[in-house]
Amino acid sequence: MNDTEKSRPCFTDKMLLELARDLRKVAHAPYSNFSVGAACRAESGTAYFGCNVENSSYPVGTCAERVAVGAAIAHGEKKITTIAIAGGNRDEGPAGNLVPCGMCLQFLSEFMEKDGVVFIADGSDGFKEYTLGELLPHAFRLEE
Ligand code: THU
């Protein structure tokens, strides 16, 4: 847990990773067959969830990360401190080499500091850990 989090209903990092793995089961990914789950923790300590939601008009579909963070913001959260992501081919375990796409990194940068944590679940109960700043060192900003 990061210093800025207030320790109320607390979802541990391990819980976020497990939830991200589980959320793959509800992904709507009939076009790519690539299912992704995402569980993020906001400053309040509460967690919010997402999965990828594809559409027959392909560009209309959205990634799991943006669904999870959008849910947090819709619940009044202002800052996301951690996000766990699990994604891979539908019938396989999570691909440990996944990183959020560029659009999601920019989306995350609106609500996460550079030291915000991004966990990527792998196929054997492990994970990789990055900071958002490592994955997106130079986010677009209208003003500094
Ligand atoms: N996808 C995500 O949900 N998150 C990522 O980090 C990468 C890609 C989704 C989009 C699409 O539904 C499918 O995975 C294949 O690109």
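Start at 1 and go down the list; that is how both ligands and their atoms are numbered.
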*Can you find an N or O of E65 that's nearer than 3.5 Å to an N or O of ligand 1?*
yes
*What is the closest protein heavy atom to atom 8 (C) of ligand 1, and at what distance does it sit?*
C63 SG, 4.1 Å
_Please find the pair of heavy atoms, one from V26 and one from C51, that lie closest to each other, and give the distance._
O-SG, 3.6 Å
_Under 4.0 Å from atom 1 (N) of ligand 1, is there at least one protein heavy atom?_
yes
*Any nitrogen or oxygen of A64, main chain or side chain, under 3.5 Å from a nitrogen or oxygen of ligand 1?*
yes
*Should the proximity of C101 to ligand 1, defined as any heavy atom under 4.0 Å, be assigned to the side chain, the backbone, both, or neither?*
backbone
*atom 9 (C) of ligand 1: which protein heavy atom is closest, and how many Å away?*
N52 ND2, 3.6 Å
*Name the closest protein heavy atom to atom 12 (O) of ligand 1, giving the residue it belongs to and the distance to 0.1 Å.*
E54 OE2, 2.5 Å
*asked:* Looking at R90 and S35, would you say the former's side chain and the latter's main chain have a donor-acceptor pair under 3.5 Å?
replied: no
*Let me know which of V69, L16, L132 forms a side chain to side chain contact (heavy atoms under 4.5 Å, CB included) with I83.*
V69
_With a 4.0 Å cut-off on heavy atoms, is C104 in contact with ligand 1?_
no
_Under a 3.5 Å distance rule, please check whether N52 uses its side chain to pair with a backbone N or O of F34 as donor and acceptor._
yes
*Any idea which heavy atoms bring A39 and F49 closest together, and the distance?*
CB-CD2, 3.9 Å
*asked:* If you count every heavy atom of other residues, nucleotides or ligands that lies below 6.0 Å from H75 atom NE2, does the total exceed 12?
replied: no
*Can you sort out which atoms of ligand 1 are near P100, meaning under 4.0 Å from one of its heavy atoms?*
6 (O)
*Flag, side chain of N89 to backbone of D91, donor-acceptor distance under 3.5 Å*: no
*asked:* Below 3.5 Å, N or O to N or O, backbone or side chain included: is there any such pair between T62 and ligand 1?
replied: no
*atom 15 (C) of ligand 1 - nearest protein heavy atom and its distance*: S32 OG, 3.6 Å
*E43 side-chain N/O to K78 backbone N/O, donor-acceptor pair under 3.5 Å*: no
